[in-house]
Protein chains: 2
Amino acid sequence: MSSKKPHYLPLYEQIKSKLIARIASGEWPTDAVLPSEWDLADEFGVSQGTVRKAVSELTALGWLYRQQGRGTFVAPGESEWGRAHLVSPGQFAELPDVPRPELLAVSRMTAPDDVAQALGGRRGMPLHHLRLLWRVRGEAVALDDVLLPVERFAELDARRVRLAGGGVYVLLERQYAVRVRATGWQFRAVRCGREEAVLLGVEPDEELLSVVRLGVTVDGEVVEWRQRLVRSRHWAWQFDLKR
Amino acid sequence: MSSKKPHYLPLYEQIKSKLIARIASGEWPTDAVLPSEWDLADEFGVSQGTVRKAVSELTALGWLYRQQGRGTFVAPGESEWGRAHLVSPGQFAELPDVPRPELLAVSRMTAPDDVAQALGGRRGMPLHHLRLLWRVRGEAVALDDVLLPVERFAELDARRVRLAGGGVYVLLERQYAVRVRATGWQFRAVRCGREEAVLLGVEPDEELLSVVRLGVTVDGEVVEWRQRLVRSRHWAWQFDLKR
DNA sequence: AAGTGGTCTAGACCACCAG
DNA sequence: TGGTGGTCTAGACCACTTC
């Protein structure tokens, strides 16, 4: 790797790493309260201000949330829609509907070259292939093809996914103690294939929004490739950024 | 408005406001160096740590950038592609090509209802309509329709836009001292219309990526509505997020 | 060597929440 | 009333850039 390694690591960075490790390990489950900043400062042998800086950055990164007067808590993992949601085209202030997942199928496949490359693996590596259908008020709105390396996630089958409520990220967090964060969205317009048309209930050849994205772990390991096809005649994929 | 207003404003928030005002006023142009943290602390009558917190947040917000040992500088305004860039579909590590704008036309129109609503104005408000064509290595890749309130931006014509090099944000910053930030992207797949097909050099009815977004000022005023149509057979719109 | 940003400390006080 | 996060200070020292 050509990454420049700094000659030292600030205390607050070390504390960030330790906190992330303990969150990822499951020691503090979602919404659990952390020790107070002063207690953590004692534990790590630093001042409260240093702990505060570490916690602030983890809050900005979405690992924690704070409530003045109450404490610091572990934030829930990212949803499979991340910061995106579906709205009516042109309406920016609309309250979004929450899509619900339905697991259609779990199978195995070998990785196409571009997927293998994106996942940082070898050509033809074995993958789990999950297919999810997302519905809003019963209506099919999106179809996901999720590809996960078999070597990384052994013993994954439809039963386990269904036990996790159909959510892939929930499954990975509970079963493998892995928090996956989406990164690097790629948007395109594509034509609907025959098979997808049946599942989504649209005509073949209808234009669909394609969103391809990668899922990475805390350590930057790419462990998920996902394509989402979205019906976009009545829905728009809205992306909000604070900063 | 239903926003809760706090009973007090922290010093660092006041300093942030003052700094933003001075940047927006043009007192410090792009890439200008700010006074040192100690000098600003003296000027505002606070400690260096408080200035530091304000500057840190403005850095995170993209207003400033810092270089250790050198100083703090005014960051350039957001480009009209923001954090997005065009890549080949499926390639996540590719070096992006930079699209170049060509101004096709400047005209007037009255706002459609949804645009008027998004801009927070009345029905039928007068708008400037700018049309831009984006090219990568000579090839047309995207077509922008930019709508700006006439009342907010008087005396805007093709000559002035061309003087600014075809960039709308550059024009607004130089001519009106307004920094526009894109927010709230909406992605859809649409069919190409007849007129757009000619301009983009594609067949009518070809599927295109439609990206509608709003541009807001520092004060949260919505001053721009923009639709971008992107050829997406050979290009994907990639969006990167650090956090 | 001087000047800048970057880290860290110890202590103080304020705002907010729960009991 | 006590505990928590949130702000602010004064001072120290480190890392980096420039001269």
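Proteins get letters first, then strands, A, B, ... in listed order; numbering begins at 1 in each. Values in this document were obtained by computation on a predicted structure and should not be read as measured data.
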Practice prompt. Take the C1' atoms of the five end pairs on each side of the helix from dA1(C)-dT18(D) to dA18(C)-dT1(D), derive the two axes, and give their angle rounded to 10 degrees.
Written response: 10°
Discussion item. If only side-chain N and O atoms count, and only distance matters, is there a donor-acceptor pair under 3.5 Å linking S56(A) with R66(A)?
Written reply: yes
Worksheet item: Taking only residues two or more places apart in sequence, or in another chain, which ones meet T217(B) in a side chain to side chain contact (heavy atoms under 4.5 Å, CB included)?
Response: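 Side chain to side chain contact (heavy atoms under 4.5 Å, CB included) list for T217(B), sorted by chain: R152(B), V178(B), D219(B), E221(B), V223(B).
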Practice prompt. Any chance you could list the contact pattern along nucleotides 4-12 of chain D? Use B for base contacts, S for sugar-phosphate-only contacts and - for none, protein heavy atoms under 4.0 Å, 5' to 3'.
Written response: BBBBSB---
Worksheet entry | Nucleotide dC17(C), atom C1' - distance to OH of Y65(A) in whole Å | 15 Å
Discussion item. According to ring-ring contact (aromatic ring centres under 6.0 Å, His included), does anything in residues 56-84 of chain A pair up with another residue at least two apart or in another chain? List the pairs.
Written reply: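 Non-adjacent pairs meeting ring-ring contact (aromatic ring centres under 6.0 Å, His included): Y65(A)-F73(A), W81(A)-W134(A), W81(A)-W237(A).
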Worksheet entry | Pairwise ring-ring contact (aromatic ring centres under 6.0 Å, His included) hits with a residue in residues 15-58 of chain A, at least two apart |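 Passing the test, one end in residues 15-58 of chain A: no pairs.
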Fill in: Pairs satisfying salt bridge (charged side-chain N to carboxylate O under 4.0 Å, His left out), at least one member in residues 164-178 of chain A, at least two apart
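Residue pairs passing salt bridge (charged side-chain N to carboxylate O under 4.0 Å, His left out), neighbours aside: E173(A)-R179(A).
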Discussion item. Just to verify, what does Y176(A) make a ring-ring contact (aromatic ring centres under 6.0 Å, His included) with, not counting sequence neighbours?
Written reply: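 Partners of Y176(A) by the ring-ring contact (aromatic ring centres under 6.0 Å, His included) criterion, ordered by chain and then number, come out as F153(A).
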Worksheet item: For Y169(A), which residues count as a ring-ring contact (aromatic ring centres under 6.0 Å, His included) partner, sequence neighbours excluded?
Response: none
Item to complete: Please identify each residue that fulfils side chain to side chain donor-acceptor pair (under 3.5 Å) with R135(B), with sequence neighbours left out.
Response: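 R135(B) satisfies side chain to side chain donor-acceptor pair (under 3.5 Å) with E102(B) once adjacent residues are dropped.
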